[in-house]
A.B. asks: 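Input: one structure, supplied below.
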2 protein chains.
Amino acid sequence: MDAGVVATVRRFSRTVTQRFGALNEHYLGGARPLGEARLLWEIGDGRDLRTLRATLGLDSGYLSRLLRSLEADGLVTVQADAADRRVRVARLTTAGKRERRALDRRSDGVAEAVLAPLSPRQRERLVAAMAEVSQLLRVGMVEVEAVDPGHPDVLPCFQAYFADLAVLFEDGFSPDAVLQPAIEVVLLARLGEATVGCVALYEPEPGVWELKRMWVDSSARGLGLGRRLLAEAEALARQRGASAMRLDTNRSLTGAIALYRSAGFEEVPPFNAEPHAHHWFHKAL
Amino acid sequence: MDAGVVATVRRFSRTVTQRFGALNEHYLGGARPLGEARLLWEIGDGRDLRTLRATLGLDSGYLSRLLRSLEADGLVTVQADAADRRVRVARLTTAGKRERRALDRRSDGVAEAVLAPLSPRQRERLVAAMAEVSQLLRVGMVEVEAVDPGHPDVLPCFQAYFADLAVLFEDGFSPDAVLQPAIEVVLLARLGEATVGCVALYEPEPGVWELKRMWVDSSARGLGLGRRLLAEAEALARQRGASAMRLDTNRSLTGAIALYRSAGFEEVPPFNAEPHAHHWFHKAL
DNA sequence: GGTACTGCCTGACTAGAGTCAGAGAAATGG
DNA sequence: CCATTTCTCTGACTCTAGTCAGGCAGTACC
């Protein structure tokens, strides 16, 4: 990789670490230790310890100790869950909520301090560049995972997909009318906790795999995620013995159509009776 | 400050921390602890402990222990300085240099991993945005400090200034010909260790302060540093009882001339015999 | 009712990153 | 030459952020 480009990235990392490091120390330093602060934040309006452990990736013993410390400061209470008395639920006290707001204000303070020394014009440039960096870094954090169709994260994706279609299709959309194929596998695009995209695959005829319900969340558009899902779907199908891939789509989805064409799909006559389909595509693998 | 802007900055900070944090852990984790790695880096081709303490901001006892640990691993040697045997100098052994290169490669690895998942077009955008962020964050890190003309950092600035002029002036430049006023105070612009700008002040007539040798390093141009130095110079002069400020400049320095005008300076007849001056400016405070 | 399993807590331990108070050797000032 | 200062090192501590093993209470399954 180009040395100048690598140098720019390294310099970026160093500068950001230094700048935010110094300001964090100034604004957050002397306050609560990081572990407790993150916990305080995550408890919010009450969470059971199991969830807290999972989202923060903490050891059970360590979490317990952190909670004892916050409890000693009167910031949280921990009580047994009514339904299952093994499970314990942490809740913020009034003082805890106050502390949480204070942490929040201090984080705002850091952000303001970053912008403060700049002219309005420079601020605009910095904020725009930061937004660009965040977005592009997020691209690299997306992980694509193959799950089976019964996976709990699949249904919400399909529902989000249908909801999007209802808005996009010129001639309306009804989820009940669409074909319900026997889906074999679903690729989920994950960004940390959130699921930001999906595509379903099944094998309508031996050797031919069909793509259904390719969806990318609005928060993750413009990151090339559609292309990536398509590529991973092809790889997966090929790995399972596919010799061809096909899909249908609606004329309103111009972006998707352009993507399919540029990925080597060619338009073919209708191969199914999908009610909302206007274009049918095929690609030999 | 606008909440959306603050949210963008906070999101940026979170995303960058997460992304680089995860990659650093992956590439640098398991290797040498951070403190030792930084020290190894900073020692380079041999540094005395006093300098190391200053640049890394370490406690003397702590530095000593870190060095013992690196010494035990055969990466550095520490010897008394020949001139002053109280001072000790740390040097990398061959193994130490190898280790330092390895750390370096791992840092490159992090940078490459950030770019790897992106398309060429996205990489370009990311690198451009990162450069912009670095530059603008650096603006906020610049500190302006008033020192007296004998300060050791002053002379290198003036020399850099003269070297720049020699390149810029259409009709050449000789440092020996310029006036040598009795400078009262120098403002230095500091960016971490480096001095990236300066301006000298003196009082040729009671109540009138004159600016000389305003310089901004090429690495820090376009950050509004000139304007800031000018503003700080005015503030300092006013504080010391100035009622007016003046300066002269060369016709080749069009950027500087525009800056003076926009800061409220007005062109006046020559008030000195500076050999390289074409324009003379004055501003009532 | 017994057994296995969950969920949580406690005690014991580790590593990194420091801080602080002297002690001792070398240099400097008078 | 002696006192003071400078520079470094050692020993004793601290705080944060964990990990690991074992134990107890509650729930679920047979």
Side-chain angles (χ1 to χ4, degrees), chain A residues 17-18 21-22 24-26 28-43 46-73 75-91 99 103, chain B residues 17-18 21-22 24-26 28-43 46-73 75-91 99 103:
Chain A
T17 308
Q18 262 181 37
N24 276 329
E25 196 164 324
H26 181 251
L28 307 173
R32 212 148 281 289
L34 214 81
E36 292 185 9
R38 282 198 304 157
L39 181 52
L40 208 51
W41 178 260
E42 207 59 47
I43 290 172
R47 304 272 294 273
D48 60 295
L49 304 205
R50 196 206 288 137
T51 328
L52 288 173
R53 272 205 313 277
T55 55
L56 291 170
L58 295 176
D59 171 85
S60 135
Y62 185 37
L63 173 62
S64 184
R65 238 174 291 271
L66 284 176
L67 283 170
R68 283 312 78 70
S69 154
L70 290 175
E71 222 170 14
D73 292 354
L75 302 179
V76 310
T77 55
V78 181
Q79 283 156 347
D81 183 72
D84 182 344
R85 300 184 51 75
R86 287 171 306 183
V87 176
R88 313 241 295 152
V89 180
R91 255 178 270 276
E99 181 80 9
L103 283 172
Chain B
T17 308
Q18 264 182 37
N24 277 328
E25 195 165 327
H26 182 251
L28 307 174
R32 213 146 281 289
L34 214 81
E36 292 185 10
R38 282 198 303 157
L39 181 51
L40 209 51
W41 179 259
E42 208 60 45
I43 289 173
R47 305 272 294 273
D48 60 296
L49 305 204
R50 196 207 287 134
T51 328
L52 288 173
R53 273 206 311 280
T55 55
L56 291 170
L58 295 176
D59 172 83
S60 128
Y62 185 35
L63 173 63
S64 183
R65 236 174 293 272
L66 285 175
L67 283 170
R68 282 312 78 72
S69 154
L70 291 175
E71 221 169 12
D73 292 355
L75 303 179
V76 311
T77 56
V78 182
Q79 284 155 349
D81 184 72
D84 181 345
R85 300 185 49 77
R86 289 171 305 183
V87 176
R88 311 241 297 152
V89 180
R91 255 178 270 279
E99 180 81 10
L103 283 171

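Protein chains get the first letters and strands the later ones, always in sequence-line order, with residue 1 at the start of each. Bear in mind the structure is a predicted one, so any value in this text is a computation, not a measurement.
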A.B. asks: Scan A:Leu63 against the nucleic acid and name what it touches under 4.0 Å (heavy atoms): base, sugar-phosphate only, or nothing.
C.D. replies: nothing
A.B. asks: Consider the side chain of A:Arg50, meaning its heavy atoms from C-beta on, and name the nucleotide among D:dC9, C:dC8, C:dA17 that approaches it most closely.
C.D. replies: C:dC8
A.B. asks: Please list, chain by chain and in numerical order, all residues satisfying salt bridge (charged side-chain N to carboxylate O under 4.0 Å, His left out) with A:Asp84, sequence neighbours excluded.
C.D. replies: A:Arg86
A.B. asks: If you define the side chain from C-beta out and look only at heavy atoms, does anything of B:Leu49 sit under 4.5 Å from B:Leu63?
C.D. replies: yes
A.B. asks: What does A:Leu66 touch in the nucleic acid at a heavy-atom separation under 4.0 angstrom: a base, only the sugar-phosphate, or nothing?
C.D. replies: nothing
A.B. asks: Check this for me: does the side-chain of B:Arg65 come within 3.5 Å of the base of D:dG11 through a donor and an acceptor?
C.D. replies: yes
A.B. asks: Heavy-atom count around A:Arg68 CZ within 6.0 Å, excluding the residue itself: above 12?
C.D. replies: yes
A.B. asks: Rounding to an integer number of Å, can you tell me how far A:Glu71 CD sits from C:dC9 C1'?
C.D. replies: 12 Å
A.B. asks: For nucleotides 27-30 of chain C, give me every protein contact, N/O to N/O, under 3.5 Å, one pair per line with atom names.
C.D. replies:
residue, atom, partner, partner atom, Å
C:dA27, OP1, B:Arg85, N, 2.8
C:dA27, O4', B:Arg86, NE, 3.4

A.B. asks: Could you state the CG-P distance from A:Asp48 to C:dC9, rounded to the nearest angstrom?
C.D. replies: 12 Å
A.B. asks: D:dA17 C1' sits how many Å from A:Arg32 CZ, rounded?
C.D. replies: 16 Å
A.B. asks: Counting only side-chain heavy atoms from C-beta out, which of D:dG18, C:dT19, C:dT10 sits nearest to B:Tyr62?
C.D. replies: C:dT19
A.B. asks: Write down the distance between CD (B:Glu36) and C1' (C:dG18), rounded to a whole number of angstrom.
C.D. replies: 14 Å
A.B. asks: Nearest heavy-atom pair of B:Leu40 and B:Glu99: which atoms, and what distance?
C.D. replies: CD2-CG, 3.3 Å
A.B. asks: I'd like to know if the side chain of B:Arg50 reaches the main chain of B:Val87, judged simply by a donor and an acceptor atom lying under 3.5 Å from each other, with no hydrogens or angles considered.
C.D. replies: no
A.B. asks: Between B:Leu52 (CG) and D:dC9 (P), how many Å, whole number?
C.D. replies: 11 Å
A.B. asks: In whole angstroms, how far is the C1' atom of C:dG16 from the CZ atom of B:Arg38?
C.D. replies: 12 Å
A.B. asks: Is a side-chain N or O of A:Asp59 found less than 3.5 angstrom from the main chain of A:Gly61, in a donor-acceptor match?
C.D. replies: yes
A.B. asks: For A:Leu67 and A:Leu39: C-alpha separation, side-chain torsions, deciding distance, then whether side-chain contact (heavy atoms from CB on, under 4.5 Å) applies.
C.D. replies: CA-CA 8 Å; A:Leu67 283 170; A:Leu39 181 52; 3.9 Å; yes
A.B. asks: Calculate the interatomic distance between A:Leu70 atom CG and D:dA17 atom P; express it in whole Å.
C.D. replies: 12 Å
A.B. asks: How long is the line joining CD of B:Glu25 and C1' of C:dA15, in whole Å?
C.D. replies: 14 Å
A.B. asks: Using a 4.0 Å cut-off on heavy atoms, which residues in residues 53-61 of chain A reach DNA chain D? List them by number, or say none.
C.D. replies: A:Asp59
A.B. asks: Are side-chain heavy atoms of B:Arg32 and B:Leu75 found at a separation under 4.5 Å?
C.D. replies: yes
A.B. asks: Contact between B:Val89 and B:Gln79 at the side-chain level, heavy atoms closer than 4.5 Å - yes or no?
C.D. replies: no
